[in-house]
Protein chains: 2
Amino acid sequence: MQQPGTRAAERAEGPRPSGRPPLTERRKAETRLDIAYEAVRLFAERGVAATSGEDIARAAGISPRTLWRYFPSKEECVRPLLSTGLETTARRLRELPADRPLREGLEAGLPQAGEADTTTAQLQLIRLLPGEPGLRAVWLRVHHDAEHVFAGIIAARTGADPADLVPRLKAVMLNGALRVAAEEWARRSAEADQAAGVEGFRQAVLQATEALGL
Amino acid sequence: MQQPGTRAAERAEGPRPSGRPPLTERRKAETRLDIAYEAVRLFAERGVAATSGEDIARAAGISPRTLWRYFPSKEECVRPLLSTGLETTARRLRELPADRPLREGLEAGLPQAGEADTTTAQLQLIRLLPGEPGLRAVWLRVHHDAEHVFAGIIAARTGADPADLVPRLKAVMLNGALRVAAEEWARRSAEADQAAGVEGFRQAVLQATEALGL
DNA sequence: CAGTTTTTGGCACTCACTGCCATAGTGGCG
DNA sequence: CGCCACTATGGCAGTGAGTGCCAAAAACTG
């Protein structure tokens, strides 16, 4: 099923695309993602408890010792797939002109038609969360880490101090709404279809931004 | 410093107050709380990493094997101290007449004057969270578990289905605000005084309930 | 007080993770 | 091309968290 000795990164896209100077950086990022994908696959197949760190390492074509250098725990292996969404969202919000409502930045960039390729693994992972407390902890932690980022963005738009109570509260509440929105997306994508999932996300975001005046 | 063989429960309040029928239940609950207090004390003294499960067990006067029967991990030992606040809050909200605004139930029961005895350990624990990822995970998990409870309460007041998006969103956002409120309480209690802490909590709750129309 | 159930403890085991050191790639430079 | 510095990887051994299993003790029942 898996070629034990084969580097996952190499399987992923054949000959490396001649990276510029930070070649070594690229390699590490790729390995990180490879581990993440393999971990999600194994967790989905047999569950987290039945998957050992050694299993993940073998699937990714690295030694266990190296796996623990990339991630501090087996659950954390999935973090890249859980955090990219929030990171790109934060980037879009930062680039949004201060006179545009925040929800425009949140709705932009949603998959419009049928292209759901890249997000498939993410959605599958989010659907795993209810039954896997260890993964849920990572999910909550990722969102918690995003709180101060959103607080900074919201504060910057209003000229407030990011340490003030109001921007922090708005950030936490928006962040929670984004979490529910993503969970709703994943749920509806499985029960109905992609379009229904995206619509669920949009509705949740709309409700939240309206209530918070964003 | 600690009498190793002495049951922590017995130290806590001398001769047991002649419990009625469910004596065994009472005992277990007491032991649970004892473990929690000892764990917080040790975590605060030396940090989580430098505290072993055996240390906690010894401090609580039980064997390690028994400790793992009460809690699934050493970090989880502090859970009782993190969850009681949310539980009493939920109880008060449930008992609140449906025609009263929710914030009345949230402000009721706050320590009015100087009696901060029982909450001291909780506040100390919350102040530990920023530097202890493992404990922060428990904190987030406790709040996550409270989400569906709040969703039920909010849904019941409006006659909506607890599974609907709107009550769920309001619950998550309120819940996040309560978390920030508690953190603010703990922070200000240390930097200023009790009154300032409680005031921080009240302000955060007010902001949130106003934005959410609760 | 005897019998039954529940709770606790001891023991051995697995596995997540870490520090230490050797080895193999990788990039820079004459 | 060949040498050198650096970094990434792997192996090995160790710690400690957490679990299953069984025996001892304590609590509840009649």
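First the proteins, then the strands, lettered A, B, ... as listed; each starts at 1. None of the values given here were measured: they were computed from a predicted structure.
The side-chain contact (heavy atoms from CB on, under 4.5 Å) search around A/E75 returns A/V48, A/S73, A/L135, A/V138, not counting sequence neighbours. Applying the side-chain contact (heavy atoms from CB on, under 4.5 Å) criterion to B/A192, with sequence neighbours excluded, gives B/A196. For B/R136, there are no salt bridge (Lys or Arg N to Asp or Glu O under 4.0 Å) partners, not counting sequence neighbours. For B/R127, there are no salt bridge (Lys or Arg N to Asp or Glu O under 4.0 Å) partners, not counting sequence neighbours.
With salt bridges taken as basic N to acidic carboxylate O contacts below 4.0 Å, one links B/E183 and B/R179.
The separation between A/I62 atom CD1 and C/dA24 atom C1' is 16 Å, rounded to whole Å. One can place CG of B/L67 at 15 Å from C1' of C/dT7, the figure rounded to the nearest angstrom. The NZ atom of A/K28 sits 15 Å away from the C1' atom of C/dG27 (whole-angstrom rounding). Nucleotide C/dT7 holds its P atom 14 Å from the CD1 atom of B/I35, rounded to whole Å. Residue B/E25 contributes atom CD, which lies 16 Å from atom C1' of D/dA26 at whole-angstrom precision.
For A/Y70, no side-chain nitrogen or oxygen approaches OP1 or OP2 of D/dA8 to under 4.0 Å. Dashed line: the shortest gap from a side-chain N or O of A/S63 to OP1 or OP2 of D/dG10 is under 4.0 Å.
Listed by first and then second residue, the ring pair (Phe, Tyr, Trp, His ring centres under 6.0 Å) pairs that reach into residues 167-192 of chain B are B/W185-B/F201, sequence neighbours excluded.
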Review item, nucleotides 16-19 of chain C N/O atoms under 3.5 Å of protein N/O:
residue, atom, partner, partner atom, Å
C/dA16, OP1, A/K74, NZ, 3.4
C/dA16, OP2, A/G53, N, 3.4
C/dC17, OP2, A/K74, N, 2.7
C/dC17, O5', A/P72, O, 3.3
C/dG19, N7, A/R65, NH2, 2.9
C/dG19, O6, A/R65, NE, 2.6

